[in-house]
Q: 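A single structure is presented below for examination.
Throughout, a chain's letter reflects where its sequence line sits, starting with A, and its residues are numbered from 1.
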There are 2 protein chains.
Amino acid sequence: MADNHDHAHSHRHNHLVEDMLATMSRNGWRITEQRKTLAKIFAEQDGYLSPKDVYDQMSAEYPSVSFDTVYRNLRMLSEMGVLEQFYFMEGGLKFKGSCLSHHHHHLICVNCEKTMTFDYCPMEQSLELPGNYKILNHRFEIYGVCDQCQNQS
Amino acid sequence: MADNHDHAHSHRHNHLVEDMLATMSRNGWRITEQRKTLAKIFAEQDGYLSPKDVYDQMSAEYPSVSFDTVYRNLRMLSEMGVLEQFYFMEGGLKFKGSCLSHHHHHLICVNCEKTMTFDYCPMEQSLELPGNYKILNHRFEIYGVCDQCQNQS
DNA sequence: CTCAATGCAAAATGTTTGCATAATG
DNA sequence: CATTATGCAAACATTTTGCATTGAG
């Protein structure tokens, strides 16, 4: 099972990694070993990762990596739009690879943080809003417990 | 204008202050001068306040107040449900008095953080969601620039 | 070979904790 | 008067910065 699962994924992963690296390159950033590793980590991961998580995974491949480099790169990648950042109330700031292709919202597992996307957007309704705000953006997330996490405890 | 505006508000404010103090009392917390001030600050304020904002306003009345007391009380009031906390991406953790009476969502001014509520809730739609998540809660916020802030620059 | 990226150390920020003192109920 | 809340100081966690060195283009 693990085998063709992983195999099916690896194509998508390589594609994502290349996308991320291409975006960095396009924005004038150099492709370093650490940034390749960073891209790979987020391509292989559906959920959110804290800077600490990323650091831990990075140091597995590059034992000498430093925390500030991780932070710097996470920040840059967020600014470029390659990563989405999100602040969990408990658990602080986390990052995940962002889908750049289309507007969508997230269904997030509060246990493992695995995230699924869905296309329904409440802003497509004709909302009656109070005040005369000039609307800039919005945020809609649904939290729950995913199938796996429901069955495993 | 300021006069009957303020006057109309003051009734609501007193009511809110009493509500908050009653909730603290009900939960077995003592009503201290600082907590009264804290309740008043949030009753008089529509928008979000950072711990620093709260500290500054508190020290206007109690110059000797300390930061950790502010934090402690903010945390307690949040746990009790008297305050809602919210993490602004830029600007960190902030608090506002919470409306305990009915479910609603927020329209938030990104400039002054003045917040209006509205009753439309996307969860009332029959959403088709991926996965088999057991849904726990959700979050829907709209960000914009309020009337005042649009006209003042 | 030039300039950007890294690692290191140290600082800045934001939040929490332990404990003696003060104040509430 | 018993017990909780406060202020102080110090600890802690997280994120940012300055600078010499390394490495990508």
Q: Main chain of B:Glu84, side chain of B:Ser78: is a donor-acceptor contact present, judged purely on distance under 3.5 Å?
A: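 Pair absent, no side-chain N/O of B:Ser78 close to backbone of B:Glu84.
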
Q: Could you tell me whether the phosphate oxygens of C:dT6, OP1 or OP2, come under 4.0 Å of any side-chain nitrogen or oxygen in A:Ser66?
A: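 Answer is no, no contact under 4.0 Å.
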
Q: Heavy atom of residues 20-44 of chain A under 4.0 Å from DNA chain D: which residues?
A: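 Going residue by residue through residues 20-44 of chain A, the ones with a heavy atom under 4.0 Å of DNA chain D turn out to be A:Arg30, A:Ile31.
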
Q: Hey, which of these two, A:Val70 or B:Tyr87, hits DNA chain C nearer its 5' end, going by closest nucleotide?
A: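 Result: A:Val70.
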
Q: Could you label the plane-to-plane angle of the B:His106 and B:His104 rings as parallel, tilted or perpendicular, counting under 30° as parallel and over 60° as perpendicular?
A: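 Rings of B:His106 and B:His104: perpendicular, over 60°.
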
Q: Check the distance between C:dC19's P and B:Asp68's CG and give it to me in whole angstrom.
A: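 So the CG-P distance, B:Asp68 to C:dC19, works out to 15 Å.
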
Q: Let me know the distance between OH of A:Tyr55 and C1' of C:dG7, rounded to the nearest Å.
A: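 Interatomic distance, OH of A:Tyr55 to C1' of C:dG7: 10 Å.
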
Q: Would you indicate whether the side-chain heavy atoms of A:Val54 and A:Leu38 approach each other to under 4.5 Å?
A: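 Contact flag for A:Leu38/A:Val54 side chains = yes.
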
Q: Send over the distance from A:Gln85 CD to D:dT14 P, rounded to a whole Å.
A: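 It works out to 16 Å between those atoms.
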
Q: Rounded to whole angstroms, how far apart are CZ on A:Arg75 and C1' on C:dA5?
A: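 The distance from CZ of A:Arg75 to C1' of C:dA5 comes to 13 Å, rounded to the nearest Å.
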
Q: Can you see if the side chain of B:Tyr71 gets near the phosphate of C:dT15 - specifically, an N or O under 4.0 Å from OP1 or OP2?
A: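 Checking C:dT15 against B:Tyr71, a side-chain N or O does come within under 4.0 Å of OP1 or OP2.
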
Q: For the ring pair B:His138 and B:His105, is the centre-to-centre distance below 6.0 Å?
A: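 Yes: the rings meet the under 6.0 Å criterion.
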
Q: Under 6.0 Å between ring centres, would you say that holds for B:Phe86 and B:Tyr48?
A: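 Yes; B:Tyr48 has its ring centre under 6.0 Å from that of B:Phe86.
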
Q: Output yes when A:Glu33 and A:Arg35 qualify as a salt bridge under the 4.0 Å nitrogen-oxygen rule, no when they do not.
A: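 Salt bridge between A:Glu33 and A:Arg35, a charged N being under 4.0 Å from a carboxylate O: no.
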
Q: To the nearest angstrom, how far is A:Leu74 atom CG from D:dT14 atom P?
A: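 Those two atoms, CG and P, are 14 Å apart.
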
Q: Please confirm whether the shortest side-chain N or O distance from A:Ser64 to OP1 or OP2 of C:dG7 is below 4.0 Å.
A: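 For C:dG7, OP1 or OP2 has a side-chain N or O of A:Ser64 closer than 4.0 Å.
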
Q: Just how far, in rounded Å, is P of D:dT17 from CZ of A:Phe67?
A: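 Whole-Å distance recorded here is 17 Å.
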
Q: Under 4.0 Å from OP1 or OP2 of D:dA5: is there any side-chain N or O of B:Thr69 that close?
A: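 So the side chain of B:Thr69 is outside the cut-off, no N or O lying under 4.0 Å from OP1 or OP2 of D:dA5.
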
Q: Examine distances only and state if a side-chain atom of A:Thr115 and a backbone atom of A:Glu113 form a donor-acceptor pair shorter than 3.5 Å.
A: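 A pair under 3.5 Å: yes.
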
Q: Can you check the B:Arg72 CZ to C:dA22 C1' distance for me, whole Å?
A: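 Going from B:Arg72 (CZ) to C:dA22 (C1'), I get 13 Å.
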
Q: Closest approach to the side chain of A:Asn73, judged atom by atom: which nucleotide of C:dT6, C:dT16, D:dT16 is it?
A: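 Out of C:dT6, C:dT16, D:dT16, the nucleotide with an atom closest to A:Asn73's side chain is C:dT6.
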
Q: What is the distance from CG of A:Leu93 to C1' of D:dT16, rounded to the nearest Å?
A: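 Going from A:Leu93 (CG) to D:dT16 (C1'), I get 14 Å.
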
